[in-house]
Amino acid sequence: MSALTRLINLYFTRRLREIDYFREHPAEVQERQFRYLLANGTQTEFGRDLGMGGIATQQQFRERIPLYDYETIGEFIERMRRGERNVLWPEEARWFAKSSGTTGSKSKYIPVTHAGLHRSHMRGPKDIMALYCHLYPKTDVVNGKMLTLGGSKRIEREGDRTMSGDLSAILIENTPAIASVLRIPDKKTALIPDFDEKVRRISEQSTRCDVRSFTGVPSWNLVMLNRVLEYTGKDNILEIWPRMELFIHGGMDFRPYQAQYRKIIPSPDMRYMETYNASEGFFAIAEEPGRQDMLLMLDYGTYYEFLPTDRMGDPSAVVPLEGVKTGVNYAMLISTCNGLWRYMIGDTVQFVSTSPYTIRITGRTKHYINAFGEEIVIDNAESAMDEACTATGAEVAEYTVAPVYMEGRSKGAHEWVVEFRTPPASLKEFTHALDEGLKRVNSDYEAKRFKDTTLTGPQITAVPRGTFERWLRAHGKIGGQNKVPRLYNDRTWADELIRAAAPAPAQPIPAGRDGQASA
């Protein structure tokens, strides 16, 4: 163990005790966050208009403050962007994280306050290293560089005082100088808006350094690492960075990408650590590499509430943290020191444990398929896809799923638009494994598939390599956390992707037709 590792472990000792405390006293710590937020909220125009000063309990908070999403709170945010003070939070908000999300082309501007920056966004990365170094006290990951691939949105001045940009760009702008020493690429390169130029510059800089960890979204990091291999002419990443040890990832499910990462980083000591970080805040960290379930971080200036997804139209069904149950799908609501109040972030989660509180992300409130009562969520799709790839040796680069609507006497189905990195030896076996995987994880789907009652088998439409990236480029969504929705309850994305396929759109291959392709 190096002297630097020992020093860092000592530095993190106090923080680890604080994490242990909220594991054991979650209700008390959440009550503190609630009181802190309430005290600040009463100083704002928003809080005064809603009588926040007369709220004494969490129950009163739920009764008096409505639920919000971006459409309903957006008018307040726009005023903050124009430089108004004390609108949603009692301080000036100079930064706004710009994101189109995955719900459409309209940009969202999420306020990033000074409190939110330091209590949440920048605290998360420190805690990742605290937990990791505690778990692996002899690690030397801190003695090398961390490679970061941020988004490609440039910082834009919104007026005299406010600025907007991709969250990763905002964090880079606000990173202390000491942390910059441990990171690659340099700030100028990290903020290059053109993705291809940025990756080229990263390849030039990073291959001369001792990189031991990297962080970001799995899909775009995979693109970057493959470009680095092309640049160097090497066969795998360990030939460039032999001490590579850790990938800190978030923004999408890692399962579809894990086989590809293991192929280009063939090390038994390589570790993959899941996080839940969004423009709205930093929320959860996996306590051990390789696990999907993550510890909910309870002292980041965020007060959590949860709404069962089967009662989405009923605000009275919202429960605080101590009211949740394992195995139930919840829409997550947050009140934060970024000035968001009872805000529906759009993600759905399930609790794996309530002692401590650990979650896994199951999907998005607007990204699911329920065209025939099957209630497919992203977690179902990812699990089934993982099964199909394992069963057939396939590797999937990207995919999206859409309903095939009933016409006349025909029954419904799901069309899976798939870009294979490694096609399966048998598409019939792949389709069968996918279908069986969905039946195993979703009883509603299984019931609809019973004797083809409502749904026939999945249809796989294989599109050429590069189709998804071309679609993203056409929509200006290269890099960062941009991605095509895995599931959508209509055919918007699927039809666009099929049209984008070159040289010609592929044809659906229905399951159960002796595996014969129709094209």
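When reading the values below, keep in mind they use all heavy atoms of this one structure, side chains included, and skip hydrogens, waters and symmetry mates.
In this pair, Tyr330 and Phe306 present their aromatic rings perpendicular. The plane angle is above 60°, beyond the 30 to 60° band.
Two residues are said to be in side-chain contact when any heavy atoms from C-beta on lie closer than 4.5 Å; Thr362 and Thr348 meet this criterion. Residues Tyr303 and Pro320 have side chains in contact (heavy-atom distance under 4.5 Å, counting atoms from C-beta outward). A heavy-atom distance below 4.5 Å is not found between the side chains of Asn338 and Ile110. The closest side-chain heavy-atom distance from Val199 to Val223 is not below 4.5 Å. Residues Phe351 and Lys325 fail the side-chain proximity criterion, which asks for heavy atoms closer than 4.5 Å. With a 4.5 Å cut-off on side-chain heavy atoms, His121 and Asn277 count as touching. Met297 places none of its side-chain heavy atoms less than 4.5 Å from the side chain of Thr302. Put simply, the side chain of Val142 reaches to within 4.5 Å of the side chain of Cys133, judged on heavy atoms.
Going from atom CE of Met273 over to atom OG of Ser213 covers 12.0 Å, rounded to the nearest 0.5 Å. The CG atom of Leu333 lies 10.5 Å from the CG atom of Asp69; values are rounded to the nearest 0.5 Å. With rounding to the nearest 0.5 Å, the separation of CG in Asn40 from CE in Met52 is 10.5 Å. With rounding to the nearest 0.5 Å, the separation of CD1 in Ile265 from CE in Met270 is 4.0 Å. Between Arg94 atom CZ and Arg81 atom CZ the span is 15.0 Å, to the nearest 0.5 Å. Taken from NZ in Lys187 to OG1 in Thr175, the straight-line distance is 8.5 Å, to the nearest 0.5 Å.
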*For side chain to side chain donor-acceptor pair (under 3.5 Å), just list the numbers for Thr492 and Asp490, CA-CA rounded to whole Å, side-chain angles, deciding distance to a tenth of an Å, and then say yes or no.*
CA-CA 6 Å; Thr492 303; Asp490 66 36; 2.7 Å; yes
*Would you please test Lys145 and Trp241 for side chain to side chain contact (heavy atoms under 4.5 Å, CB included) and show each step?*
CA-CA 10 Å; Lys145 295 278 191 180; Trp241 301 308; over 6 Å; no
*asked:* I'd like to know whether Asp293 forms a salt bridge (charged side-chain N to carboxylate O under 4.0 Å, His left out) with Arg291, so could you lay out the CA-CA distance, the side-chain angles of the two residues, the decisive distance to 0.1 Å, and finally the verdict.
replied: CA-CA 6 Å; Asp293 52 306; Arg291 290 177 60 168; 2.5 Å; yes
*Under the side chain to side chain contact (heavy atoms under 4.5 Å, CB included) criterion, do Leu67 and Val318 qualify, and how do the steps go?*
CA-CA 10 Å; Leu67 304 187; Val318 173; 4.3 Å; yes
*May I have the step-by-step check of side chain to side chain contact (heavy atoms under 4.5 Å, CB included) for Phe282 and Arg123, ending in yes or no?*
CA-CA 8 Å; Phe282 205 117; Arg123 201 172 188 182; over 6 Å; no
_Before you tell me yes or no, could you show the steps for Val377 and Thr309 under side chain to side chain contact (heavy atoms under 4.5 Å, CB included), namely the whole-Å CA-CA distance, both residues' side-chain angles and the distance that decides it to 0.1 Å?_
CA-CA 11 Å; Val377 297; Thr309 56; over 6 Å; no
*Might you work through the salt bridge (charged side-chain N to carboxylate O under 4.0 Å, His left out) test for Arg473 and Glu469, ending with a clear yes or no?*
CA-CA 6 Å; Arg473 286 183 184 278; Glu469 185 173 335; 2.9 Å; yes
*Applying side chain to side chain donor-acceptor pair (under 3.5 Å), run through Asp386 and Ser383 and close with a yes or a no.*
CA-CA 5 Å; Asp386 190 44; Ser383 179; over 6 Å; no
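Residues Pro218 and Tyr257 come closest through the heavy atom pair CB-CD1, 3.9 Å. Taking all atoms of both residues into account, the shortest heavy-atom contact from Gln350 to Val328 is CG-O, 3.3 Å. What you find for Gly54 and Gln60 is that their closest heavy atoms are O-OE1, 3.8 Å. When all heavy atoms of Ile77 and Tyr70 are compared, the closest pair comes out as CD1-CE1, 3.7 Å. Pairing each heavy atom of Leu307 with each of Asp314, the nearest pair is CD1-O, 3.4 Å. When every heavy atom of Leu149 is checked against every heavy atom of Trp220, the shortest pair comes out as CD2-O, 3.5 Å.
No side-chain donor-acceptor contact under 3.5 Å links Arg64 to the backbone of Leu50.
Aromatic ring centres of Phe46 and Tyr68 lie closer together than 6.0 Å. For an aromatic pair to be called close, the ring centres must be under 6.0 Å apart, and Phe283 with Tyr276 satisfies this. Aromatic ring centroids of Tyr357 and Tyr304 lie 6.0 Å or more apart.
Side-chain polar atoms of Asp186 and Gln205 form a donor-acceptor pair below 3.5 angstrom. Checking Asp166 against Ser168 by side-chain atom types alone, a donor-acceptor pair falls below 3.5 Å.
The 12-atom threshold is not exceeded at OH of Tyr11, counting heavy atoms of other residues, nucleotides or ligands nearer than 6.0 Å.
With sequence neighbours excluded, the residues that form a side-chain contact (heavy atoms from CB on, under 4.5 Å) with Pro356 are Arg23, Glu287, Leu295, Ser353, Thr358. A search for salt bridge (charged side-chain N to carboxylate O under 4.0 Å, His left out) contacts involving Arg35 returns Glu31, not counting sequence neighbours. By the ring pair (Phe, Tyr, Trp, His ring centres under 6.0 Å) test, Tyr343 pairs with no residue at all, sequence neighbours left out. Qualifying ring pair (Phe, Tyr, Trp, His ring centres under 6.0 Å) partners for His114, counting only residues two or more places apart in sequence or in other chains: His118. Tyr136 meets the ring pair (Phe, Tyr, Trp, His ring centres under 6.0 Å) test with Tyr132; sequence neighbours excluded. Applying the ring pair (Phe, Tyr, Trp, His ring centres under 6.0 Å) criterion to Tyr300, with sequence neighbours excluded, gives no partner residue.
Look at Asp379 and Arg255 and you find a salt bridge, because one of the NZ, NE, NH1 or NH2 atoms lies within 4.0 Å of a carboxylate O, short of that distance. By the 4.0 Å N-to-carboxylate-O rule, Arg48 lies too far from Glu45 to be salt-bridged with it. Using a 4.0 Å cut-off between charged nitrogen and carboxylate oxygen, Asp127 and Arg15 count as a salt-bridge pair. A salt bridge is defined here as a Lys NZ or Arg NE, NH1 or NH2 lying under 4.0 Å from an Asp or Glu carboxylate O, and Arg360 with Glu382 fails to meet this definition. Taking the charged nitrogens against the carboxylate oxygens, Arg14 and Glu18 do have a contact shorter than 4.0 Å, which makes a salt bridge.
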